[in-house]
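Structure record follows, encoded as structure tokens.
Lettering follows sequence order; numbering is per chain, from 1. All heavy atoms count here, side chains included; hydrogens, waters and symmetry mates do not.
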2 protein chains.
Amino acid sequence: MELDKILDNLKEQGYKLTEQRKEIIQSIINEDRYVSAKDILQQVQQRFPGVSFDTIYRNLAILSDLDVVEETRFDGEAKFRISCIDDHHHHLVCEECGETSVLPECPLNLLQGMAGEFKITGHRFEIYGICEKCQQNKK
Amino acid sequence: MELDKILDNLKEQGYKLTEQRKEIIQSIINEDRYVSAKDILQQVQQRFPGVSFDTIYRNLAILSDLDVVEETRFDGEAKFRISCIDDHHHHLVCEECGETSVLPECPLNLLQGMAGEFKITGHRFEIYGICEKCQQNKK
DNA sequence: CTCCGTGCAAAGCGTTTGCACGGCG
DNA sequence: CGCCGTGCAAACGCTTTGCACGGAG
């Protein structure tokens, strides 16, 4: 998703476009992989040394509600990445760098009907491992 | 997995069989669904009012290492259930009661080879929703 | 000018750790 | 009787919240 689209969306929803907020979104877009609140804070602090965790978390909560970011959890902390709400998809997540690549198929489709009477409200399918780049860095 | 087998396993590994430890394992077996440390504590406290969270957590860590319990996370807390290490499988997890049922197929098998150079170290595939029983309770 | 968003500080929650005692082996 | 496991308490890390000020609309 591009920055302008997101800002328009926020404005429509009645949210103000503060400099901090814009910078937070920008750095999430720049990262384009799962990062922690801390990672985002450090990025944003390069331009706004004053920003605090609360601002990061509050904005992440809003962005997550609006499906601007996807949220998951590993290493004992929440991780966030810019979302592509257009198409339903799943990730290969590198536990070293958080880099993600998209799986070509949603496994839920392959399991159609297997759930029976269970009313599905959500699902999580993530493959953890080490991406090619990080494997080479380790050698 | 049955209690005796687990206790033998623990003994083999050099762990002592304290009453608290046995009770912790027993209540996890009895639950047979994803429960939180708090849930386990409350169960165990019925027989040992003195037990504390530390004991629960320390034992859960050991049991998780030995693959006696499976660990996941939702509702912002770690959840544990007795594992069936014999066969690789995945769960439908009810977000109301933690009840799980087993999926007939591992979706990773269906996606064989899709990961490319990504070195897979683990994966998580869980479907969240409301199980049949909880749907009826809500009505 | 009105409120929403911010920064500060402190609290909240689940979880982990240091310590000394008690009980398993 | 040695040492692991326990309970207590305190610390921990991540995240959330109350408050008063400042800036966007």
Side-chain angles (χ1 to χ4, degrees), chain A residues 3 6-28 34-66 68-69 71-80 98, chain B residues 6-28 34-66 68-69 71-81 98:
Chain A
L3 184 58
I6 297 169
L7 296 184
D8 287 349
N9 189 4
L10 281 169
K11 201 183 284 182
E12 277 172 32
Q13 305 288 327
Y15 293 104
K16 295 181 177 174
L17 304 183
T18 64
E19 290 306 312
Q20 294 93 324
R21 180 162 291 168
K22 284 191 271 185
E23 185 62 22
I24 289 171
I25 299 167
Q26 185 60 65
S27 46
I28 294 173
Y34 276 117
V35 289
S36 65
K38 196 177 173 185
D39 295 328
I40 298 168
L41 179 71
Q42 289 171 347
Q43 275 309 113
V44 175
Q45 279 185 336
Q46 295 188 5
R47 283 198 47 209
F48 298 92
V51 283
S52 52
F53 266 115
D54 350 72
T55 300
I56 303 295
Y57 279 116
R58 275 188 278 236
N59 276 288
L60 285 172
I62 292 171
L63 296 171
S64 193
D65 278 349
L66 297 181
V68 170
V69 301
E71 192 174 346
T72 187
R73 199 179 176 94
F74 54 86
D75 290 342
E77 54 185 12
K79 307 275 189 177
F80 306 86
Chain B
I6 296 169
L7 296 183
D8 287 348
N9 190 4
L10 282 170
K11 202 183 283 181
E12 277 172 31
Q13 305 288 326
Y15 292 105
K16 294 182 178 172
L17 304 183
T18 63
E19 290 306 311
Q20 294 94 325
R21 181 161 291 166
K22 284 191 271 185
E23 185 62 22
I24 289 170
I25 298 167
Q26 185 61 63
S27 47
I28 295 173
Y34 276 118
V35 290
S36 65
K38 196 176 172 186
D39 294 328
I40 298 168
L41 178 70
Q42 289 169 349
Q43 275 309 113
V44 176
Q45 279 185 336
Q46 295 188 5
R47 284 199 45 210
F48 297 93
V51 282
S52 52
F53 266 116
D54 350 70
T55 298
I56 304 294
Y57 279 117
R58 277 188 278 235
N59 276 287
L60 285 172
I62 293 171
L63 297 172
S64 195
D65 278 350
L66 298 181
V68 169
V69 301
E71 192 174 347
T72 188
R73 201 180 173 90
F74 55 86
D75 290 342
E77 54 185 13
K79 307 275 190 178
F80 307 86
R81 59 157 298 133

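Taking only side-chain nitrogens and oxygens, Arg21(B) comes nearer than 4.0 Å to OP1 or OP2 of dT6(D). Note on Gln20(A): a side-chain N or O is less than 4.0 Å away from OP1 or OP2 of dG7(C).
Of the candidate nucleotides dT6(C), dG14(C), dT15(D), dT6(C) has the atom lying nearest to any side-chain atom of Arg58(A). Closest to the side chain of Thr18(B), out of dC24(C), dT16(C), dG7(D), is dC24(C). Nearest to the side chain of Asn59(B), among dC14(D), dT15(C), dT6(D), sits dT6(D). With dA9(D), dG7(C), dT15(D) as the candidates, the nucleotide lying closest to the side chain of Thr55(A) is dG7(C). Listed nucleotides dG23(C), dT15(D), dG7(C) differ in distance to Ala78(A); the shortest reach to its side chain belongs to dT15(D).
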Determine whether Val69(B) and Arg81(B) satisfy the following criterion, side chain to side chain contact (heavy atoms under 4.5 Å, CB included), listing intermediate values before the conclusion. CA-CA 5 Å; Val69(B) 301; Arg81(B) 59 157 298 133; over 6 Å; no
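Phe74(B) places its CZ atom 14 Å from the P atom of dG14(C), with the value rounded to the nearest Å. Atom pair Tyr15(A):OH and dT6(C):C1' shows a separation of 16 Å (rounding to whole Å applied). At whole-Å resolution of the value, CD in Glu19(A) and C1' in dG7(C) are 17 Å apart. In this structure, CZ of Phe53(B) is placed 19 Å from P of dA11(D), rounded to the nearest angstrom. Taking atom CD1 of residue Ile62(B) and atom P of nucleotide dT17(C), one finds them 13 Å apart after rounding to whole Å. Separating the CG atom of Leu41(A) from the P atom of dG13(D) is a distance of 16 Å, rounded to the nearest angstrom. Put simply, CG on Leu63(B) is 11 Å from P on dG5(D), counting in whole angstrom units. The separation between Arg73(B) atom CZ and dC13(C) atom P is 15 Å, rounded to whole Å.
Both Phe80(A) and Lys11(A) sit near DNA chain D, but only Phe80(A) has its closest nucleotide nearer the 5' end. Place Leu17(B) and Ala37(B) on DNA chain C by their nearest nucleotides, and Ala37(B) ends up nearer the 5' end.
Using a 4.0 Å cut-off between charged side-chain N and carboxylate O, Lys79(B) and Glu77(B) make a salt bridge.
Summarising the geometry of Leu17(A) relative to Lys11(A), their closest heavy-atom pair is CD1-CE, 3.6 Å, with the distance given to 0.1 Å.
Checked by distance alone, Lys16(A) brings a side-chain donor or acceptor within 3.5 Å of a matching partner on the base of dC3(C). One N or O donor and one acceptor, one from the side chain of Asp54(A) and one from the base of dA9(C), sit under 3.5 Å apart.
Distance check: Glu23(A) CD to Ile28(A) CD1 gives 10.5 Å after rounding to the nearest 0.5 Å. Atoms CD and OG, on Gln20(B) and Ser52(B) in that order, are 9.0 Å from each other to the nearest 0.5 Å.
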